[in-house]
Amino acid sequence: MTTGFLYDSAYLQHDTGRSHPECADRLSRSIDYLQQQSWFADLRTVAAKPIDTDWLQTIHQPDYIRHVQSACENGAVYIDSPDVSISSRSFEIALLASGGVLQLADALITGKIDNGFALIRPPGHHAENHMALGFCLFNNIAITARYLQKQYGLDKIAIVDWDVHHGNGTQHSFTTDPSVFYISLHEYPLYPGTGAWNERGEGRGLGATLNCPQHAGATDRDYELAFHDKILPALHQFKPEIILISAGFDAHRADPLANVRLSTEFFGWMTGALLEVADMYANGRLLSMLEGGYDLDALPRCIASHLQVLSGYQVQQNYP
């Protein structure tokens, strides 16, 4: 099995200022840790390149894209919301993050890799079509879903978001669209306040959103039950042509921004469960991209657990 790995040191140059949880150290600490692992050299490196803004416009309004560019070029320190810190190069780096994931998608669809992971920042799943929110500028995973549909003709795309914060922007991007099945596990209530169980989509998209809110203190067992009782049956019914993962690792027990208590190894378990579905319906096609994860010791280890299962170096563990 060939796993693609996307990373660019330029991602470190999105400067969020002192003491911001979404900091460059998240990636620098992670890449340092990963490069020390014996299996890391076997991953297939994929190079990033900036996205064409036409692809951004499949999700984001043109005026919003210009707004982000102008704010960065004019020296603003945040945009739209005080938690979205920016710097002079943030627009450029956000284009490289979104574009990098599309390069990973190209490698997957053309058969150069079997699955892949993007170690990117800024993250994306809170970004709305018209507004930056929750550390996010452009919605990387939503853009990737539209790219796969328009560039390669894929229709049925599943997005699984296990970040501890609900992916409001991604859900809203596909609320009325039955071709993109959005599934989220997240602590509730918690920022951004969306993601109740009865948010199921609207119009033709009714039923194509599945929220599995979790209580503060939820454990591996709670998440495993959500997979077995809700998520896996829904995916088997949907039969996706590809699975995309918003891979936030802030549901880890050590994370400072939430209260869910997942173990490091459980991220590998979730990865394995989704790989099995991808093998059944999507020729194994699965792409994941980094969202949250703010404990600088736990994050690299969680990513490693995820990558080891993706690349076949660690089998899925069973949880009683």
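- The pair Asp177-Arg146 meets the salt-bridge criterion, since a charged nitrogen lies less than 4.0 angstrom from a carboxylate oxygen.
- More than 12 heavy atoms of other residues, nucleotides or ligands shown are found within 6.0 angstrom of CD on Gln35.
- In this structure, Asp250 and Asp163 have side chains that are in contact, with non-hydrogen atoms separated by less than 4.5 Å.
- Donor-acceptor pairing under 3.5 Å is recorded for the side chains of Ser90 and Ser87.
- Here the side chain of Asn139 pairs a donor or acceptor atom with the backbone of Ala142 at under 3.5 angstrom.
- The line from NE2 of His130 to CD1 of Ile65 is 13.5 Å long, rounded to the nearest 0.5 Å.
- Judged purely by atom type and a 3.5 angstrom limit, Gln237 has no side-chain atom pairing as donor or acceptor with the backbone of Pro233.
- The nearest pair of heavy atoms linking Glu291 to Ser246 is OE2-OG, 2.8 Å.
- With hydrogens and angles left out, the side-chain atoms of Thr194 and Gln171 include no donor and acceptor closer than 3.5 Å.
- Other residues, nucleotides and ligands place no more than 12 heavy atoms under 6.0 Å from the OH atom of Tyr78.
- Taking all atoms of both residues into account, the shortest heavy-atom contact from Cys136 to Tyr64 is O-OH, 4.5 Å.
- Under a 4.0 Å N-O distance rule, the pair Arg261/Asp220 does not qualify as a salt bridge.
- If you look at His228 and Trp269, their ring centroids are closer than 6.0 Å.
- In the model, Glu128 has a side-chain atom that pairs as donor or acceptor with a side-chain atom of His172 under 3.5 Å.
- Leu104 and Ile113 make their closest contact through O-CD1, 3.8 Å (heavy atoms, listed as atom of the first residue, atom of the second, distance).
- One distance of note links CD of Gln103 with CG of Asp8; it measures 11.5 Å at 0.5 Å rounding.
- Within the 3.5 Å criterion, the main-chain N or O of Ala71 finds no donor-acceptor partner in the side chain of Glu73.
- Using modelled atom types and a 3.5 Å distance limit, the side chains of His67 and Asp80 yield a donor-acceptor pair.
- Counting only N and O atoms by type, the side chains of Asn168 and Tyr191 include no donor and acceptor under 3.5 Å apart.
- In this structure, the side chains of Ile31 and Leu119 come closer than 4.5 Å at one or more pairs of heavy atoms.
- Checked by atom type and distance alone, the side chain of Asp222 pairs as donor or acceptor with a backbone atom of Thr219 at under 3.5 Å.
- Using a 4.0 Å cut-off between charged nitrogen and carboxylate oxygen, Arg66 and Asp63 count as a salt-bridge pair.
- Using a 4.5 Å heavy-atom cutoff, the side chains of His126 and His165 are in contact.
- No side-chain donor from either of Ser311 and Asp42 sits under 3.5 Å from a side-chain acceptor of the other.
- When ring centroids are compared, Phe174 and Phe181 stay outside the 6.0 Å threshold.
- Under the 30°/60° scheme for interplanar angles, the aromatic rings of Tyr188 and His186 are found to stand perpendicular.
- Of the residues Tyr223, Phe249, Phe117, the one that meets the ring pair (Phe, Tyr, Trp, His ring centres under 6.0 Å) test with Phe267 is Phe249.
- Put simply, the side chain of Leu95 reaches to within 4.5 Å of the side chain of Phe138, judged on heavy atoms.
- When all heavy atoms of His166 and Ser184 are compared, the pair lying nearest together is CD2-OG, 3.6 Å.
- Annotation: cation-pi geometry satisfied between Lys156 and Phe238 (NZ/CZ under 6.0 angstrom from ring centroid, within 45° of ring axis).
- Considering only heavy atoms from C-beta on, His236 comes within 4.5 Å of Met280 through its side chain.
- To the nearest 0.5 angstrom, Arg29 atom CZ is 12.0 Å from Ile303 atom CD1.
- Relative orientation of the Tyr7 and Tyr11 rings is perpendicular, given thresholds of 30° and 60° on the angle between their planes.
- Taking each heavy atom of Val309 and Gly268 in turn, the nearest pair found is CG2-O, 3.6 Å.
- By the 4.5 Å heavy-atom criterion applied to side chains, Asp161 and Tyr182 are counted as neighbours.
- Surrounding NZ of Lys239 are more than 12 heavy atoms belonging to other residues, nucleotides or ligands, all under 6.0 Å away.
- Considering only heavy atoms from C-beta on, Leu108 stays 4.5 Å or farther from Leu148 through its side chain.
- Side-chain atoms of Leu257 and Pro21, non-hydrogen and from C-beta on, do get closer than 4.5 Å to each other.
- Separation of atoms CD1 (Ile245) and CD1 (Ile141) is listed at 8.0 Å; rounding is to 0.5 Å.
- In terms of heavy-atom proximity, His14 sits nearest to Ser85 at CE1-O, 3.4 Å.
- Under the 3.5 Å distance criterion, with hydrogens and angles disregarded, a donor-acceptor pair is assigned to the side chains of Thr271 and His306.
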